[in-house]
Amino acid sequence: MDYNITDYLRDIRRRLGDYRYRHSLCVAESAKALAVRYGGDPGAAYAAGILHDVWKEASKEESLAFFRSHGVTLTAVEAASPVLWHAMAGAIYIRETYDPGEEIVSAVRWHTTGRAGMTLAEKILFTADFISEDRDYPGVEDMRRRAEVSLTCAMAEGLRFTINDLSEQGRAIHPDTLFAYNEIILEERKQHG
Ligand code: DGI
Ligand code: FE
Ligand code: FE
């Protein structure tokens with residue numbers, strides 16, 4: 001499959017500020033490298049990285065209107081967590097605008113929460129978002145080392161971090177995040193003891 005990267009770039013350049021535009025390019029590069037390492041599709045991984053945060057800077061009003069016009073009903077946790085909306089709306093938006101294939105659509109859809117039974121492309125994007133060049137949180141070097149060990153190893157740490165952070169902040173944790181966490185933790189134990 002060929003991707004219209006030039007169109008995608010024009011779109012995200014228009015929708016995103018400098019910081020997140022650069023973040024998207026960095027995630028695309030990381031996703032491509034992970035795809036090469038773990039036997040994914042590097043072109044698809046790159047395209048998913050470029051598009052993953054396309055909806056990140058939309059207003060709440062715009063997102064809610066988009067959900068309404070696309071027949072999306074939010075659960076209570078989703079309604080209370082606007083940070084989750086860009087993955088939900090972004091996936092629908094790219095499908096309808098670019099039809100880039102379900103591998104990319106689902107990677108974007110699940111890049112924030114994860115879910116049970118993630119595909120390789122979903123795991124690659126989820127992990128790339130944590131380790132991209134622009135990230136500099138404490139612990140990012142450890143995450144990058146983990147991503148060299150296995151996607152499971154990196155995702156387990158990412159999900160642990162997200163769940164700890166959300167619960168410390170007193171925020172709701174989406175069930176899909178918990179499903180992803182449980183599955184990956186059991187897999188990590190099986191793989192790495
Ligand atoms: O869009 P990015 O900032 O690059 O990264 P992202 O799409 O992974 O979003 C990260 C944010 O999403 C971070 O603030 C934690 C939040 N998040 C992830 N899982 C959940 C969540 N927020 C809620 N409320 N519930 C979740 O399960
Ligand atoms: Fe995101
Ligand atoms: Fe991101």
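Small disclaimer: the values here were computed from a predicted structure and weren't measured. In listed order, ligands and their atoms are each counted from 1.
- A cation-pi geometry, defined here as NZ or CZ lying under 6.0 Å from the six-membered ring centre and within 45° of its normal, does not hold between Arg115 and Phe126.
- Distances from the Fe ion (ligand 2) to each N, O or S atom of His111 single out NE2 as the nearest.
- Checking only distances, Thr113 never comes within under 3.5 Å of ligand 1, N or O to N or O.
- Of the polar atoms of Asp129, at least one N or O is found under 3.5 Å from an N or O of ligand 1, judged by distance alone.
- At the top of the distance list for atom 14 (O) of ligand 1, counting protein heavy atoms only, stands Val83 CG2, 4.1 Å.
- Between Phe66 and Trp55, the ring planes lie tilted relative to each other; the angle falls in the 30° to 60° range.
- Using a 4.0 angstrom heavy-atom cutoff, Ala172 counts as in contact with ligand 1.
- Closest to atom 27 (O) of ligand 1, if we only count protein heavy atoms, is Thr177 OG1, 2.7 Å.
- Backbone and side-chain nitrogen or oxygen atoms of Arg171 are examined, and none is located within less than 3.5 angstrom of a nitrogen or oxygen of ligand 1.
- No hydrogens or angles considered: a donor-acceptor pair under 3.5 Å links the side chains of Thr152 and Glu187.
- Contacts with ligand 1 closer than 4.0 Å are made by no heavy atom of Gln169, backbone or side chain.
- Summarising the geometry, atom CZ belonging to Arg13 is positioned 9.5 Å from atom OG belonging to Ser24; distances are rounded to the nearest 0.5 Å.
- Judged by distance alone, the side chain of His70 and the main-chain N or O of Val72 form no donor-acceptor pair under 3.5 Å.
- Of the protein's non-hydrogen atoms, the one nearest atom 3 (O) of ligand 1 is Lys56 NZ, 3.0 Å.
- Side chain of Asp41 to main chain of Gly43: a donor-acceptor pair is present (N/O by atom type, distance under 3.5 Å, no hydrogens or angles).
- Taking the six-membered ring where tryptophan is involved, the planes of Tyr3 and Tyr8 are tilted, since the angle between them lies from 30° to 60°.
- One N or O on the side chain of Tyr137 and one on the backbone of Phe130 form a donor-acceptor pair closer than 3.5 Å.
- Atom OD2 is the N, O or S atom of Asp53 at the shortest distance from the Fe ion (ligand 3).
- In this structure, the side chain of Ser81 does not engage the main chain of Leu84 through any donor-acceptor pair within 3.5 Å.
- The angle His23:NE2 - the Fe ion (ligand 3) - Asp129:OD1 amounts to 80°, with values rounded to 10 degrees.
- Contacts between Glu57 and ligand 1, counted as non-hydrogen atom pairs separated by less than 4.0 Å, are absent for every part of the residue.
- If you take CD on Glu141 and CZ on Arg146, they are separated by 13.5 Å, rounding to the nearest 0.5 Å.
- Distances below 4.0 Å separate heavy atoms of Ser81 from the following atoms of ligand 1: 24 (N).
- Scanning all protein heavy atoms for the shortest distance to atom 9 (O) of ligand 1 gives Thr112 CG2, 3.6 Å.
- At a 4.0 Å heavy-atom cut-off, ligand 1 does not touch Asp165 at all.
- By the 4.5 Å heavy-atom criterion applied to side chains, Glu148 and Arg37 are counted as neighbours.
- Backbone or side-chain N, O or S atoms of His52 do not reach the Fe ion (ligand 2) at under 2.8 Å.
- In terms of protein heavy-atom proximity, atom 26 (C) of ligand 1 is nearest to Leu166 CD1, 3.4 Å.
- Contact atoms of ligand 1 toward Thr162: 18 (C), 19 (N) (distance under 4.0 Å to a heavy atom of the residue).
- Placement of Tyr21 and Tyr93 within a single hydrophobic cluster is found when ILVMFWY residues are connected by side-chain heavy-atom separations under 4.5 Å, directly or transitively.
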Query - Check against side chain to side chain contact (heavy atoms under 4.5 Å, CB included), Ile12 and Arg15 - result: CA-CA 5 Å; Ile12 65 165; Arg15 288 169 182 274; 5.6 Å; no
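- Considering both main-chain and side-chain atoms, His86 comes within under 3.5 Å of ligand 1 through a nitrogen or oxygen pair.
- Close contacts between ligand 1 and Arg20 involve ligand atoms 1 (O), 2 (P), 3 (O), 4 (O) [criterion: under 4.0 Å to a heavy atom].
- Numbered from 1 in the order shown, with element, the atoms of ligand 1 that lie under 4.0 Å from a heavy atom of His23 read 4 (O).
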